[in-house]
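In what follows, a single structure is set out as structure tokens and then discussed.
All values below were derived from every heavy atom in this structure, side-chain atoms included, with hydrogens, water molecules and symmetry-related copies excluded.
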Amino acid sequence: MNRPAPAPVRASAYTPAPSDRREPGEVFGPAFSLFADVLLVSLLTSLCCLPVLTAPAAFAAASQTLRETAAGGRTASARAYLARLRARLVPRSLLLGLLLPAFALAVRADLALAGGDLPGRVLVGPALVVLALGAGVLLLRASAAPGTVTARTTWHRAAADPHGSLLLVAALVLAALIAWGMPLLLPLLPGPLAFAATTVDLRAAPQDRES
């Protein structure tokens, strides 16, 4: 009498996820490799942001490098980052980089005016903080988006994913507090910000496909 063959065992129920495995001879796990990638991208982005005009391209290159690292399972490298940076150094990104110091000067001028006896000066500070956070979220959204995006597209992406935008606001506030409390850690902040923007963009991608 033939016995029924046992049901096949699903490998996914017993096999650990690939992200939990270590290669033979590997000392640190994938989480430490990701930390090293973010650290390298942070330092490269900080150096490339020094001319100011290249800041948007530097953040876009950071996000693209981290995106490709997560997709391909490869570690980030300075050569890959610089290749993405050269591809992003277009007139549009340089013009956006030129607007950054102009925006900073305008905010400083408004703060100086708020110190006078103008009516409503109490609301100037909070309004400038909200404006700066909104501009930072839009810049991070634009840098993390694959390909070339416009201001209108970036605005629609931010409005369509309010939860992701709030996460980026929290990331910016945390980065500002760290920079204020420990200025020596300032060169290490661009990587986590780019990582947060890339993660939020990848998180919203399935929702965009479903809609």
Return the CG to CG distance between L95 and L53, rounded to the nearest 0.5 Å.
9.5 Å

In chain order, what residues pass the side chain to side chain contact (heavy atoms under 4.5 Å, CB included) check against V107, with sequence neighbours excluded?
F103, L111, L128

Whether the side chain of T45 engages the backbone of A62 through a donor-acceptor N/O pair (distance < 3.5 Å, no angle test) should be reported.
no

Taking only residues two or more places apart in sequence or in another chain, which ones pass salt bridge (Lys or Arg N to Asp or Glu O under 4.0 Å) with R88?
none

Under 4.5 Å between side-chain heavy atoms, chaining through other members, with only Ile, Leu, Val, Met, Phe, Trp and Tyr counted: pull out the rest of the cluster around L50, sorted by chain and number.
L47

Results of side chain to side chain contact (heavy atoms under 4.5 Å, CB included) for V90 - residues two or more places apart only
R92, S93

Please tell me if the side chains of D201 and R67 come closer than 4.5 Å, counting only heavy atoms from C-beta onward.
yes

Identify the heavy atoms of L40 and A78 that sit nearest to each other, and give their distance.
CD2-N, 4.1 Å

Which residues pass the side chain to side chain contact (heavy atoms under 4.5 Å, CB included) test with R108, sequence neighbours left out?
none

Please give the remaining members of the hydrophobic cluster of W155, linking ILVMFWY side chains under 4.5 Å, ordered by chain and number.
L138

Not counting sequence neighbours, list each pair that qualifies as a salt bridge (charged side-chain N to carboxylate O under 4.0 Å, His left out) and has a residue in residues 184-193.
none

When clusters are formed by joining ILVMFWY residues with side-chain heavy atoms under 4.5 Å apart, either directly or through shared neighbours, do L140 and L100 land in the same one?
no

Can any side-chain N or O of Y81 pair as donor or acceptor with the backbone N or O of Q64 at less than 3.5 Å?
no

Contacts table for residues 168-180: side-chain donor-acceptor under 3.5 angstrom, sequence neighbours left out:
none

Same apolar cluster (I L V M F W Y, side chains within < 4.5 Å links), F59/V137:
yes

Nearest heavy-atom neighbours spanning S143 and S63
O-CB, 3.5 Å

L34 side, atom CG; F195 side, atom CZ - distance, nearest 0.5 Å
4.5 Å

So which pairs with a foot in residues 47-62 pass side chain to side chain donor-acceptor pair (under 3.5 Å), sequence neighbours left out?
none

Quiz: residues 181-193 side-chain donor-acceptor pairs under 3.5 angstrom, not counting sequence neighbours:
none

Taken in chain and number order and not counting sequence neighbours, the residues that satisfy side-chain hydrogen bond (donor to acceptor under 3.5 Å, both in side chains) with T153 are T150

Going by salt bridge (charged side-chain N to carboxylate O under 4.0 Å, His left out), name the pairs with one or both residues in residues 126-148, residues two or more places apart or in two chains.
R141-D161

